[in-house]
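The structure appears right after this line, and notes come after that.
Only this structure's heavy atoms are used, side chains among them; waters, hydrogens and symmetry mates stay out.
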Amino acid sequence: SSPITTNPPIARDGLSWPSQGARARIEQTPEEAKTRELKIAGAVRTILRELGENPDRDGLLETPERYARAMLFFTKGYEDNVSDIIKRAIFEEDHDEMVIVRDIDVFSLCEHHLVPFHGKIHIGYIPNKQVIGLSKLARLAEMYSRRLQVQERLTKQVAMALWELLQPQGVAVVMEASHMCMSMRGVQKPGSSTLTSCMLGKFREEQKTREEFLCHIK
């Protein structure tokens, strides 16, 4: 009942869909973190010059460093792992009805253009003798969104991580977002939104269960 994926939801060390760069960043020393920031700032100075600007004028003098710090914050999800986020917040509970947390605000960066997309994500699951702290659902969404992303993968990552953690009867994740790469460039259509979903277990197999979830999040 799970969609096929070429990447495991959660690696043994708690990282999710890890890359070589993510592992280096999560294990970096303070000195390596500062070197990383300076490298990003140097690259931004080059970009400013190539755009026709003067990176040494007053308004831009400290922009490369500010941008470097901002980008490191926007992508801080690379420094998180599932084990640290969830900790001991999974509990034995005799509950087998739907649990839904809706309207979780998420902000991310499109990996194709490095411009923002933002919206809301709705997460539901049907427990199988285990429940998770409600705030951890929002933390999972936050971790994955604070990486370079596409909305389709972000939706799937949240769903599959929850599926792996709880082994529930079903998981459903729906996300609706606006993409600046559509509003500011390309087709330039402000006001448009993109809707993605990932259904696992009973939500995938049973139409009535899926319809109940979709009704609740409306």
Side-chain angles (χ1 to χ4, degrees), residues 1-11 14-18 77 80-83 85-86 89-112 116-179 181-182 192-218:
S1 61
S2 300
I4 295 174
T5 179
T6 56
N7 298 291
I10 303 173
L15 287 173
S16 300
W17 273 271
D80 293 328
N81 67 59
V82 173
S83 299
I85 285 177
I86 302 304
I90 295 178
F91 311 100
E92 296 291 328
E93 192 65 43
D94 186 20
H95 182 78
D96 60 358
E97 296 292 336
M98 204 175 295
V99 179
I100 300 172
V101 177
R102 64 183 187 183
D103 295 326
I104 301 169
D105 288 311
V106 288
F107 303 86
S108 193
L109 290 175
C110 163
E111 67 180 32
H112 299 148
F117 67 93
H118 61 92
K120 294 184 182 294
I121 193 167
H122 316 285
I123 304 173
Y125 72 98
I126 302 173
N128 184 18
K129 301 187 184 302
Q130 290 191 116
V131 298
I132 190 170
L134 297 178
S135 66
K136 302 304 181 182
L137 298 177
R139 290 289 307 276
L140 273 177
E142 171 78 2
M143 182 188 78
Y144 287 116
S145 65
R146 293 298 187 179
R147 301 177 179 186
L148 301 183
Q149 279 287 10
V150 296
Q151 184 177 330
E152 297 88 339
R153 184 171 68 238
L154 171 56
T155 306
K156 185 176 182 180
Q157 285 179 334
V158 173
M160 293 194 67
L162 192 58
W163 180 263
E164 178 82 4
L165 286 166
L166 293 181
Q167 299 179 356
Q169 298 181 60
V171 174
V173 177
V174 171
M175 181 177 178
E176 184 172 8
S178 297
H179 293 250
C181 57
M182 284 187 64
S192 64
S193 62
T194 301
L195 190 71
T196 52
S197 68
C198 182
M199 306 285 176
L200 305 175
K202 284 191 173 182
F203 291 101
R204 191 179 184 89
E205 298 161 0
E206 299 179 6
Q207 182 178 349
K208 288 185 177 180
T209 305
R210 183 165 60 251
E211 288 177 349
E212 179 184 348
F213 170 75
L214 295 174
C215 181
H216 284 313
I217 66 173
K218 289 178 181 178

**OP:** Begin from the C-alpha positions of Leu140 and Leu165 and carry the test side chain to side chain contact (heavy atoms under 4.5 Å, CB included) through to its verdict.
**Re:** CA-CA 11 Å; Leu140 273 177; Leu165 286 166; 4.2 Å; yes

Subject >> Sub-4.5 Å side-chain heavy-atom contact between Ser178 and Phe117 >> reply: no

Original post:
Is there side-chain contact between Val174 and Met199, with heavy atoms separated by less than 4.5 Å?
Top reply: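 They are in side-chain contact.
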
Could you list the donor-acceptor pairs under 3.5 angstrom formed between side-chain atoms of residues 129-138 and any protein atom two or more places apart in sequence or on another chain?
{"from": "Gln130", "atom 1": "NE2", "to": "Leu166", "atom 2": "O", "distance (Å)": "3.4"}
{"from": "Lys136", "atom 1": "NZ", "to": "Ile85", "atom 2": "O", "distance (Å)": "3.0"}

Subject >> Shortest non-hydrogen contact from Glu205 toward Arg210 >> reply: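 Nearest heavy atoms, Glu205 then Arg210: N-NH1, 4.5 Å.
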
Original post:
Which heavy-atom pair separates Tyr144 from Ala161 by the least distance, and what is that distance?
Top reply: OH-CB, 3.3 Å

**OP:** Name all pairs fulfilling the side-chain hydrogen bond (donor to acceptor under 3.5 Å, both in side chains) condition that reach into residues 117-127, sequence neighbours left out, sorted by first residue then second.
**Re:**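 For residues 117-127, and leaving out neighbouring residues, the side-chain hydrogen bond (donor to acceptor under 3.5 Å, both in side chains) pairs sorted by first residue read Asp105-Lys120.
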
**OP:** State the CG-CZ distance between Leu109 and Arg146, to the nearest 0.5 angstrom.
**Re:** 8.5 Å

Original post:
Could you give the distance from CD (Gln157) to CZ (Arg147), rounded to the nearest 0.5 Å?
Top reply: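 The distance works out to 6.5 Å.
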
Results of side chain to side chain contact (heavy atoms under 4.5 Å, CB included) for [X] - residues two or more places apart only:
X: Gln167; answer: none
X: Ser145; answer: Val106, Ser108, Glu142, Leu154
X: Thr196; answer: Gln151, Glu152, Thr155, Met175, Thr194

**OP:** Kindly determine whether Ile126 and Thr209 satisfy side chain to side chain contact (heavy atoms under 4.5 Å, CB included), including the steps that lead there.
**Re:** CA-CA 10 Å; Ile126 302 173; Thr209 305; 3.7 Å; yes

Less than 3.5 Å apart, which donor and acceptor atoms pair up between the side chains of residues 92-104 and the rest of the protein, not counting sequence neighbours?
{"from": "His95", "atom 1": "NE2", "to": "Glu97", "atom 2": "O", "distance (Å)": "3.1"}
{"from": "Arg102", "atom 1": "NH1", "to": "His216", "atom 2": "O", "distance (Å)": "2.5"}

**OP:** Evaluate the criterion side chain to side chain contact (heavy atoms under 4.5 Å, CB included) for residue pair Phe203 and Leu214; output intermediate values, then yes/no.
**Re:** CA-CA 10 Å; Phe203 291 101; Leu214 295 174; over 6 Å; no

